[in-house]
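A quick write-up on the structure given underneath.
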Amino acid sequence: MFYVGYVKNMKLTDAEISYFSHNAQTRNQDIAVKFYAESNRLVPLEDGVSQTQIYVARIKTFAKDVIESRVDTYIEVCKKYNKFPDGEDVHSFVTESKPYVLRKIELFQDYLKNPFGENIHKSVADAIERSLDAGLQKIFTDGLRPLHSFYLEGKVEEEGLGQDVENPIIKEADDKVVGSPIYNIAGDFVGGDQTKAGDNLGGTQISQVAV
């Protein structure tokens, strides 16, 4: 549904982008503080669950919280200034957001270097890292979906479709829409073998590396 008074797919100004960046960074810092506080807290282990598995799960939650917060903040700023973003703005957003999620793999790499950490065989560690990398790529793509729908909503209105007409493109956005600036870019980032976590782990048993 189009919001009354919205400018259709109009580029954000430098001041508006700066406002978004400030708010997004503030929220990101709050999320990071929560992650590190939880990471320093020991929790009782259940049977079959290791500290490594718990830490990997926290990394995924960290990444998910960050991309969802960035997308929510971006959409909030667009609504504040009564705009839908144009393709160039979306392109820039996705490009800038990529490292906020995919570089979380470095947290696990640093974890492995901790001399007081859990002793993990290299083949198992490598398998966990590959699984985590695939998981982060999926978190990144899934996290963009609300912005994808918001962008397409503006395109629908720009093309003059009625407000009460259900838009099949928006409905399809939960999968993938060819031509979307989000999915074209995200596809470049996460393209290639989308192996599910735990598959093709070089002979390592899935139960050993479940994350």
Side-chain angles (χ1 to χ4, degrees), residues 1-3 6-12 16-32 35 57-81 83-107 131-159 166-197 211:
M1 182 176 181
F2 188 62
Y3 302 94
Y6 271 41
V7 179
K8 304 168 186 177
N9 295 96
M10 184 173 181
K11 185 172 179 59
L12 297 177
E16 290 162 356
I17 293 173
S18 178
Y19 178 75
F20 155 72
S21 297
H22 171 75
N23 285 354
Q25 188 60 29
T26 299
R27 294 181 182 184
N28 185 65
Q29 289 173 350
D30 292 340
I31 294 170
F35 167 77
R58 285 172 174 167
I59 292 175
K60 289 182 177 181
T61 299
F62 186 16
K64 183 174 182 291
D65 289 348
V66 166
I67 189 60
E68 289 180 352
S69 175
R70 283 183 64 82
V71 168
D72 288 347
T73 304
Y74 190 78
I75 292 175
E76 287 171 10
V77 170
C78 288
K79 290 180 178 180
K80 177 180 176 65
Y81 295 106
K83 291 181 179 180
F84 284 107
D86 71 358
E88 185 178 345
D89 282 332
V90 172
H91 183 287
S92 296
F93 176 86
V94 175
T95 300
E96 292 169 3
S97 296
K98 174 187 175 184
Y100 282 90
V101 175
L102 302 191
R103 289 187 62 182
K104 295 291 184 286
I105 194 75
E106 296 174 4
L107 293 169
S131 176
L132 176 58
D133 184 62
L136 291 175
Q137 292 177 34
K138 186 176 187 305
I139 287 169
F140 176 59
T141 304
D142 288 349
L144 295 173
R145 287 180 176 178
L147 178 58
H148 180 213
S149 296
F150 187 65
Y151 169 81
L152 288 178
E153 187 174 353
K155 293 297 290 183
V156 168
E157 292 298 330
E158 190 174 44
E159 293 169 4
E166 183 179 45
N167 175 21
I169 299 177
I170 293 178
K171 189 174 182 180
E172 187 183 353
D174 285 338
D175 299 319
K176 181 175 181 179
V177 177
V178 176
S180 161
I182 292 178
Y183 275 98
N184 284 347
I185 299 166
D188 290 340
F189 291 161
V190 303
D193 182 16
Q194 293 298 307
T195 303
K196 292 183 179 179
V211 294

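Heavy-atom basis, side chains included; hydrogens, waters and symmetry copies ignored.
We find the NZ-NZ distance between K64 and K104 to be 14.5 Å, quoted to the nearest 0.5 Å. Taken to the nearest 0.5 Å, the CD1 atom of I139 stands 12.0 Å off from the CG atom of L144. Atom CG of D65 sits about 11.0 Å away from atom CZ of F35, to the nearest 0.5 Å. The CD1 atom of I105 lies 3.5 Å from the CG atom of L132; values are rounded to the nearest 0.5 Å. Rounded to the nearest 0.5 angstrom, D142 CG and R145 CZ are separated by 4.5 Å. Distance check, rounded to the nearest 0.5 Å: CZ of F62 to CG of N28 gives 6.0 Å.
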Exercise. Could you give me the CA-CA distance, side-chain angles and deciding distance for D30 and R27, then say whether salt bridge (Lys or Arg N to Asp or Glu O under 4.0 Å) is met?
Key: CA-CA 5 Å; D30 292 340; R27 294 181 182 184; over 6 Å; no

Self-check item: Residue pair E96, R70: steps toward the side chain to side chain contact (heavy atoms under 4.5 Å, CB included) verdict
Solution: CA-CA 10 Å; E96 292 169 3; R70 283 183 64 82; 4.2 Å; yes

Practice problem: Mind running side chain to side chain contact (heavy atoms under 4.5 Å, CB included) on I67 and Y100 for me, showing each step along the way? | Solution: CA-CA 7 Å; I67 189 60; Y100 282 90; over 6 Å; no

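The shortest side-chain heavy-atom distance between F20 and C78 does not fall under the 4.5 Å cut-off. Annotation: side chain of Y74 is not in contact with side chain of F150 (no heavy-atom distance under 4.5 Å). Using a 4.5 Å heavy-atom threshold, the side chains of V71 and E68 count as separate.
At least one donor-acceptor pair closer than 3.5 Å links the side chain of D89 to the backbone N or O of L12. Of the possible polar contacts, none joining the K83 side chain to the K79 backbone as a donor-acceptor pair under 3.5 Å is found.
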